[in-house]
Number of protein chains: 2
Amino acid sequence: MKNEGDTPRAVTMRDVAQAAGVSVSTVSHVVNNTGARIGRDARERVRRAIEELGYRPNAMAKNLVKGGSRFLGLVADAIASTPFAGQIIHGAQDEAWQHGYVLLVANTEGNEEAEASAISMMLEHKVRGILYSTWYHRAVDLPAGLAEADTVLVNCYSTNGAVPAVVPDESAGGHDATRMLLAEGHRRIAFLNTRTPSPARDGRLDGYRRALDAAGLPFDPDLVVDVQPDQGGGYAAVDQVLAMRATAVFCHNDRVAMGLYDGVRDRGLRVPDDLSVVGFDNQEVIAAHLRPALSTVALPHYELGRRGVRVLLGLDVPEAGTGPLAVDCPSVPRHSITRPSES
Amino acid sequence: MKNEGDTPRAVTMRDVAQAAGVSVSTVSHVVNNTGARIGRDARERVRRAIEELGYRPNAMAKNLVKGGSRFLGLVADAIASTPFAGQIIHGAQDEAWQHGYVLLVANTEGNEEAEASAISMMLEHKVRGILYSTWYHRAVDLPAGLAEADTVLVNCYSTNGAVPAVVPDESAGGHDATRMLLAEGHRRIAFLNTRTPSPARDGRLDGYRRALDAAGLPFDPDLVVDVQPDQGGGYAAVDQVLAMRATAVFCHNDRVAMGLYDGVRDRGLRVPDDLSVVGFDNQEVIAAHLRPALSTVALPHYELGRRGVRVLLGLDVPEAGTGPLAVDCPSVPRHSITRPSES
DNA sequence: CTGAAAGCGCTAACAA
DNA sequence: TTGTTAGCGCTTTCAG
């Protein structure tokens, strides 16, 4: 921590120039080693001066003259509530960094006013673009201010499809989850879906059906039951699952799976011997640490953040009219799946 | 998303002045409604021009002339790995915002190079100060660059105590956790501490002892056992706990408690009827959703972030020479504690 | 009440 | 190879 008495006015390029006995433009050139090749001698003197004075270029001045900043805005509706938002930030941050951009992060916790002020603050800093992200996949209405900047939606999309978006591929995820079960030989696979209407609900169901279909299995509506998408929901559904004589269950998310584990155990049964289970989300704290560790499908938050900045910077160009860019949800096999017992 | 053909050069104050038929300084005055009282007429014309042209002040230009930004830097070692870092960011963000500051967030994932470049980027943007935070409470060696800015440590501290720091009050937390058990009448309370040397380990143990002491109970070293600080550690310790005939257990963290739950259940026993349990951390996904919900003590990450910016801005002034500012860890009673059964 | 003018720290022609 | 000279968009005396 510094604080050397009275405001020691930062050292500027002029100071360096003076100390090195050259002009500012010379300093500028060696600092950015721009075209003009500077003589060994001068260059060396400048370097030394910089070193001695502890000079730091002033990014704001630079941006001003360059007419545009190296900022990228990221507005998130829930940095704190879940580990998920953190992953999005992380991914965005890494990719942005790689291209010399800095992230301006704003948390709005769903508050519209905070959102508006965050956006205008970003606009005033002349951000190169804004990433607007939500912690769970859903459709959103864009705050007005966003129209003024290049925007890309992350983990959400606008209903009119007017703004580029990147979202998880729910359907492929549902397909892969189901596939994991199928691959071990399961034929009666229950699906504990959420009862909350959402892209996740529709997409995962679609994937489930496609996987069944591909395996030549009929879709049996009795096998899918809608539950509260949390531990309670999973726990409450055990009897139903057991009654339908399913040998495996695809849970809408890891929390449902966690509840299911509890219920199964309470009935003296075991995962995966008596029931194979696959989750969705790959929520570390849960999935990796349940006993047995839960096989699941990961929501690619990091990747969503990364791809978000890539399309923002024009590095990735989503096919026009193709809807949101769907990012893969990788399967994470662990130990909650085994072959169905003969019966 | 915008993009109206060829770079439509942002509207500046000059444009507004021109459109309103006044000088830039007049515009500046109405925008910031500074001293000089501007005539109704002029003020109105300016307002209209601003509106029509969609003028946005350029924060970078403003900062340049004002000689100092409204940025606060936050470097975190693990945004993604845990929900915790998110909370710190959130708290910092809220407080910063309140005082007109914007957060520049950098994730370093422990990488020294990333750290150095993050810090110098912040320095170049002339941040008002830097918050250096870690996801778990520990001592740190400060990266060199930090010396150039006002710094405060969040959830960590420098061994030499030269830099202001704000950390959780582990000892008080340990005390309160134990107190919750004591309050229900428990006298034989086991403590499953971590085996990793850390402020958390020492502090919580200290709190445990103080609580026992205050209750007139002797400290029995046989009651404290060091375990791996995760599910596995808790699970592995059940037999030991049972053997010592403890009626309650204070777990170093919620994950240990989670493992303990599993083990207890495997032995056909129940929480809290056969064993009361209290955790530490209040990791939502775990604590709130275990069955029964886990009583625990919360790590005040949000508050740490908040207080961090407060001391950075000089709003809170830690007593000199008093060491890090210790932030309270609130108890979160849920349902894993009951009176010990008569025996 | 309002405007002219001098910079903030830096880059980028253009000269020399 | 190096220096001169304009600004970037804005704030801020200081005069009118």
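Just so it is clear: chains get the letters A, B, ... in the order the sequence lines come, proteins before strands, and each one is counted from 1. Reckoned from all heavy atoms, side chains included, excluding hydrogens, waters and symmetry mates.
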Whole Å only: how far is the [atom1] atom of [X] from the [atom2] atom of [N]?
X     : N      : atom1 : atom2 : result
A:R14 : D:dG3  : CZ    : C1'   : 15 Å
B:E44 : C:dC1  : CD    : C1'   : 17 Å
B:M60 : D:dT11 : CE    : P     : 13 Å
A:L53 : C:dG9  : CG    : C1'   : 15 Å
B:L64 : C:dT11 : CG    : P     : 11 Å
A:R45 : D:dT2  : CZ    : P     : 8 Å
B:K66 : C:dG7  : NZ    : C1'   : 15 Å
A:D15 : C:dC8  : CG    : P     : 11 Å

Subject >> Angle of first-five versus last-five pair axes in the helix from C:dC1-D:dG16 to C:dA16-D:dT1, to 10 degrees >> reply: 40°
Extract all donor-acceptor atom pairs below 3.5 Å that involve side chains of residues 58-69 of chain A and protein atoms in other chains or at least two apart in sequence.
unit_1 : atom_1 : unit_2 : atom_2 : d
A:N58  : OD1    : A:M60  : N      : 2.8
A:N58  : OD1    : A:A61  : N      : 3.1
A:K62  : NZ     : A:N32  : OD1    : 3.4
A:N63  : ND2    : A:A59  : O      : 3.3
A:S69  : OG     : A:F71  : N      : 3.0
A:S69  : OG     : A:H125 : O      : 3.4
A:S69  : OG     : A:K126 : O      : 2.9

Original post:
According to a strict under-4.0 Å criterion, is A:N32 in side-chain N/O contact with OP1 or OP2 of C:dT11?
Top reply: yes
Original post:
Counting only side-chain N and O atoms of B:K62, is one of them less than 4.0 Å from OP1 or OP2 of D:dC10?
Top reply: no
Between side-chain atoms of residues 10-19 of chain A and protein atoms elsewhere (two or more places apart, or another chain), which donor-acceptor pairs fall under 3.5 Å?
unit_1 : atom_1 : unit_2 : atom_2 : d
A:T12  : OG1    : A:R14  : N      : 2.9
A:D15  : OD2    : A:T12  : N      : 2.7

Subject >> Pairing residues for A:R310 by the salt bridge (Lys or Arg N to Asp or Glu O under 4.0 Å) criterion, not counting sequence neighbours >> reply: A:E95, A:D316
Original post:
With sequence neighbours left out, what residues match B:E303 under salt bridge (Lys or Arg N to Asp or Glu O under 4.0 Å)?
Top reply: B:R306
Original post:
Any side-chain heavy atom of A:L131 sitting closer than 4.5 Å to one from A:V75?
Top reply: no
Original post:
Any side-chain heavy atom of B:L313 within less than 4.5 Å of one from B:Y101?
Top reply: yes
Original post:
Sequence neighbours excluded, which residues qualify as side-chain contact (heavy atoms from CB on, under 4.5 Å) partners of B:V167?
Top reply: B:H137, B:Y157, B:P324
Original post:
Excluding sequence neighbours, so at least two apart, what forms side chain to side chain donor-acceptor pair (under 3.5 Å) with B:W135?
Top reply: none
Just the atom pairs and distances: protein N or O near nucleotides 2-4 of chain C's N or O, under 3.5 Å.
unit_1 : atom_1 : unit_2 : atom_2 : d
C:dT2  : OP2    : B:G39  : N      : 2.3
C:dG3  : OP2    : B:S23  : N      : 3.0
C:dG3  : OP2    : B:S23  : OG     : 3.4
C:dG3  : OP2    : B:T26  : OG1    : 2.6
C:dG3  : N7     : B:S25  : OG     : 3.1
C:dA4  : N6     : B:S25  : OG     : 3.2

Side chains of residues 44-55 of chain B: which donor-acceptor partners sit under 3.5 Å, not counting sequence neighbours?
unit_1 : atom_1 : unit_2 : atom_2 : d
B:R45  : NE     : B:A20  : O      : 3.0
B:R45  : NH2    : B:A20  : O      : 3.3

Original post:
With a non-hydrogen cut-off below 4.0 angstrom, is A:T12 in contact with a base, only sugar-phosphate, or nothing?
Top reply: sugar-phosphate
